[in-house]
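Just so it is clear: chains get the letters A, B, ... in the order the sequence lines come, proteins before strands, and each one is counted from 1. Here the structure is a predicted model, which means the values were calculated and not measured.
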Protein chains: 2
Amino acid sequence: MNEQNYPEFTGLELSPRKVDYLKFIFEKKGTVKTTEISSCLHVDPSTTSKTLNELASAGYLNHVPYRGVDMTEMGNAYAEFLVRRHRILSLLFTHYGLSTEEACAEVSRFEAFVSRDAVNKICNSMGHPMVGVCGEINHEKCFHEEHYH
Amino acid sequence: MNEQNYPEFTGLELSPRKVDYLKFIFEKKGTVKTTEISSCLHVDPSTTSKTLNELASAGYLNHVPYRGVDMTEMGNAYAEFLVRRHRILSLLFTHYGLSTEEACAEVSRFEAFVSRDAVNKICNSMGHPMVGVCGEINHEKCFHEEHYH
DNA sequence: AAATTGTTTGGTATAACTCCAAATTATTTG
DNA sequence: CAAATAATTTGGAGTTATACCAAACAATTT
């Protein structure tokens, strides 16, 4: 049976801001520099530097000091979930009268507190939509019971 | 035109924990004692005491020291929103494969970050359901454009 | 190689929580 | 009704998540 590599996570392990960092780095692909993150996330480079260290210590990123960061295999798998969660929830909200922008903004505020279990159930119930409101939805790593019923 | 008394709020003014306190006190009706809140919310009475003070300073509660708290008119109006938000979101999630308990637990984690505007849009789009999964949904104070067009 | 730019470290701050111990007030009981 | 008990508040302190500034350090450019 096709098992996930990192099935142990609940989806609640990262704080809201760390979710922002990881999603941003993931979507950039390749090595990302501190300054770029800082200016896009509107924080001081020193703040970014510290957060990057924490994400690296937790195993999500490889950090070469003064050079930049890139995703670990685990970070990548996790970030895929983060992006899928964001898109599933945003898509959901657009079905209830919110515009794309409103839905994204709303979801960005609370997504860090929605569990992987809930996302999987919602995703399943929506029929695993491939297209979200702010990008494609990748279901490759989306394995859960209902898939095999 | 039937205007709301406290239309100025975004729904994001209270922290997650303060939302818990206010919902709890609201649902109790009447004067509530520190100890009761503490034991239900599983926190030290000193923590409750401090939080109650903050909610009173912010105008949501009347606090008579050593006697207990009850809702102000504003607190009441706000708590009605809080409960409605919780129930609308919980109901929404049960439509996507989550059980009542799962939906409530999930929503409790993030509801503080969902705006009043979003709740009103979702509520409107759902046709103002009267029955939630964990109680009645009160729409009395739920006035927004779409209601009158 | 010197100047500039980018990054990190150390220090400090705030908000939102939390608890413990001590002081205070209210209630119960003998 | 005074003394004991119970409830509440206050003062002090700690944690986590976030942020900034200033100074040190490293990399790049000139």
Between the protein and nucleotides 16-21 of chain D, are there any N/O to N/O pairs under 3.5 Å, and if so, what are the atom names and distances?
unit_1: D:dT18; atom_1: OP1; unit_2: A:Ser15; atom_2: OG; d: 3.2
unit_1: D:dT18; atom_1: OP1; unit_2: A:Arg17; atom_2: N; d: 2.8
unit_1: D:dT18; atom_1: OP2; unit_2: A:Ser15; atom_2: OG; d: 2.3
unit_1: D:dA19; atom_1: OP1; unit_2: A:Arg17; atom_2: NE; d: 2.8
unit_1: D:dA19; atom_1: OP1; unit_2: A:Arg17; atom_2: NH2; d: 3.3
unit_1: D:dC20; atom_1: OP2; unit_2: A:Asp44; atom_2: N; d: 2.7
unit_1: D:dC20; atom_1: OP2; unit_2: A:Thr47; atom_2: OG1; d: 3.2
unit_1: D:dC21; atom_1: N4; unit_2: A:Ser46; atom_2: OG; d: 2.7

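In this structure, B:Thr72 contributes its side chain and B:Tyr60 its backbone to a donor-acceptor pair below 3.5 Å. For A:Glu106 (side chain) and B:Ser115 (main-chain N/O), a donor-acceptor pair under 3.5 Å exists by modelled atom type.
Rounded to whole angstrom, the span from the NE2 atom of B:His63 across to the P atom of C:dT25 amounts to 14 Å. We find that CG of B:Asn53 is positioned 15 Å from P of C:dC17, with the value rounded to whole Å. The distance between atom CZ of A:Phe113 and atom C1' of C:dA16, rounded to the nearest whole Å, is 12 Å.
Listed by chain and residue number, A:Glu36 satisfy the salt bridge (Lys or Arg N to Asp or Glu O under 4.0 Å) test with A:Lys28 (two or more places apart in sequence, or in another chain).
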**OP:** Begin with the C-alpha distance, continue with both residues' side-chain angles, and end with the deciding distance and a verdict on side-chain contact (heavy atoms from CB on, under 4.5 Å) for A:Asp70 and A:His63.
**Re:** CA-CA 7 Å; A:Asp70 64 0; A:His63 186 198; over 6 Å; no
Original post:
If the sugar-phosphate is the primed atoms plus P, OP1 and OP2 and the base is the rest, what is the B/S/- string for nucleotides 23-30 of chain D, using protein heavy atoms under 4.0 Å?
Top reply: --BSSS--
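The aromatic ring centres of A:Phe93 and A:Phe110 sit less than 6.0 Å apart.
Here the side chains of A:Glu102 and B:Asp117 are not in contact, with every heavy-atom distance at 4.5 Å or above.
Using bins of under 30°, 30° to 60° and over 60° for the plane-to-plane angle, the ring pair A:Phe113/B:Phe113 lands in the parallel bin.
Between A:Gly11 and A:Phe81, the shortest heavy-atom distance links the atoms CA-CE2, 3.5 Å.
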